[in-house]
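I have placed the structure first, in the form of structure tokens, so that the comments after it can refer back to it.
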Amino acid sequence: MTPTSALLRPPSTSMSDPAAVLEATGIAKAYRTGWWPRRRVKPVLNGAELRLRRGEVVGLVGENGSGKSTLMKILVGALDRDAGTVLHTGLVGFCPQDPVLYERLTCDEHFELFGRAYGMAEPNMKASREDIYATLGFAEWRTARVEELSGGTRAKLNLGLALLPDPELLLLDEPYAGFDWDTYQRFWELTRDRRDAGRSLLIISHFITDVERFDRIYDLVDGKTVPR
Ligand SMILES: Nc1ncnc2c1ncn2[C@@H]1O[C@H](COP(=O)(O)OP(=O)(O)OP(=O)(O)O)[C@@H](O)[C@H]1O
Ligand SMILES: [Mg+2]
């Protein structure tokens with residue numbers, strides 16, 4: 001079983017910026033579908049660049065279909081790129097746009113499964129899990145199967161699984177799309193706490209209303225990242 005949240009140990013690399021935890025340069029990607037004579041090539045990324053430093057919260061913004069999820073999947077290693085390099089240090093947690101959860105497993109069982117996949121000791125996994133339940137406010141659903149959960153609670157579990165091993169770098173694809181206002185506020189408190197602890201976050205959104213919550217923002221336009 002492959003966990004939702006990819007967790008990568010990187011190759012030893014040297015980045016151009018010593019404070020960087022993630023550097024991507026010259027990323028290109030086209031999707032190829034169908035067979036001749038109906039073969040289609042859809043270029044999505046064309047030289048995208050991105051850098052994250054320790055303790056930064058960076059936004060990735062773009063219209064629907066601009067290629068944000070494609071870029072994030074490439075950064076986390078879940079999708080092959082046609083060109084470019086991706087370097088990162090430390091552990092990477094990934095929260096995909098569409099939760100990949102197991103309908104018949106409970107929330108507790110998900111944390112147990114992912115904790116094992118991450119190689120976490122049981123007491124550490126439990127401490128982290130309890131912290132996540134408390135922060136995101138869904139402890140009452142711990143023994144409920146995913147099939148019983150609302151969309152928002154599924155989104156909390158999806159985010160919680162990426163947070164579980166306390167990764168240095170978190171890549172979140174529209175993490176708060178299904179959250180109510182209270183959870184949305186808690187999400188930003190959690191983000192601030194992580195940043196204060198020197199963790200880095202890349203957060204995708206198609207509209208960023210809280211510009212001041214980000215250290216920097218990239219707009220994804222015509223397959224390229226444009227720093228704001
Ligand atoms: N597996 C695939 N095969 C073919 N085309 C794809 C595939 N995945 C995505 N695309 C296309 O690539 C483009 C970029 O998709 P992507 O999901 O990266 O956009 P996005 O910026 O994340 O959009 P949204 O804001 O809707 O989440 C879209 O036009 C989409 O239709
Ligand atoms: Mg997307």
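Just so we're clear, the structure is a prediction, and the values are computed from it rather than from any experiment. One-based numbering, in listed order, for ligands and for the atoms of each.
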| said: Donor-acceptor check, side chain of Glu56 to backbone of Ser200, threshold 3.5 angstrom: yes or no? | reply: no
| query | Is there side-chain contact between Arg142 and Glu130, with at least one heavy-atom pair below 4.5 Å? | reply | yes
| request: Return the set of residues passing side-chain contact (heavy atoms from CB on, under 4.5 Å) with Gln97 (not counting sequence neighbours), or none when no residue passes. | output: Ser69, Asp173, Glu174
| query | Out of curiosity, Thr25 OG1 to Leu87 CG, how far, rounded to the nearest 0.5 Å? | reply | 7.0 Å
| field | Student check: side-chain heavy atoms of Leu149 and Cys107 closer than 4.5 Å | value | yes
| said: Suppose the cut-off is 2.8 Å; which protein N/O/S atoms would you list for the Mg ion (ligand 2)? | reply: Ser69 OG, Gln97 OE1
| Those residues that, when tested against Arg192, pass salt bridge (charged side-chain N to carboxylate O under 4.0 Å, His left out) (two or more places apart) | none
| field | Residue pair Thr106 / Thr143, side-chain donor-acceptor N/O under 3.5 Å | value | no
| Between Tyr102 and Arg104, does any side-chain donor sit less than 3.5 Å from a side-chain acceptor? | no
Every pair of nitrogen or oxygen atoms between ligand 1 and the protein that is under 3.5 angstrom apart - can you list them with their distances to 0.1 Å?
| unit_1 | atom_1 | unit_2 | atom_2 | d |
| --- | --- | --- | --- | --- |
| ligand 1 | 18 (O) | Thr70 | N | 2.9 |
| ligand 1 | 18 (O) | Thr70 | OG1 | 2.6 |
| ligand 1 | 19 (O) | Gly67 | N | 3.3 |
| ligand 1 | 21 (O) | Ser66 | N | 3.2 |
| ligand 1 | 21 (O) | Ser66 | OG | 3.4 |
| ligand 1 | 21 (O) | Gly67 | N | 3.0 |
| ligand 1 | 21 (O) | Lys68 | N | 2.9 |
| ligand 1 | 21 (O) | Lys68 | NZ | 2.8 |
| ligand 1 | 22 (O) | Ser69 | N | 2.9 |
| ligand 1 | 22 (O) | Ser69 | OG | 2.9 |
| ligand 1 | 23 (O) | Gly65 | N | 2.8 |
| ligand 1 | 25 (O) | Asn64 | ND2 | 3.0 |
| ligand 1 | 25 (O) | Lys68 | NZ | 2.7 |
| ligand 1 | 26 (O) | Asn64 | ND2 | 3.1 |
| ligand 1 | 27 (O) | Gln97 | OE1 | 3.1 |
| ligand 1 | 27 (O) | Gln97 | NE2 | 2.9 |

| said: Between Asp131 and Ser128, is the side chain to side chain donor-acceptor pair (under 3.5 Å) condition met? List the steps. | reply: CA-CA 5 Å; Asp131 201 35; Ser128 179; over 6 Å; no
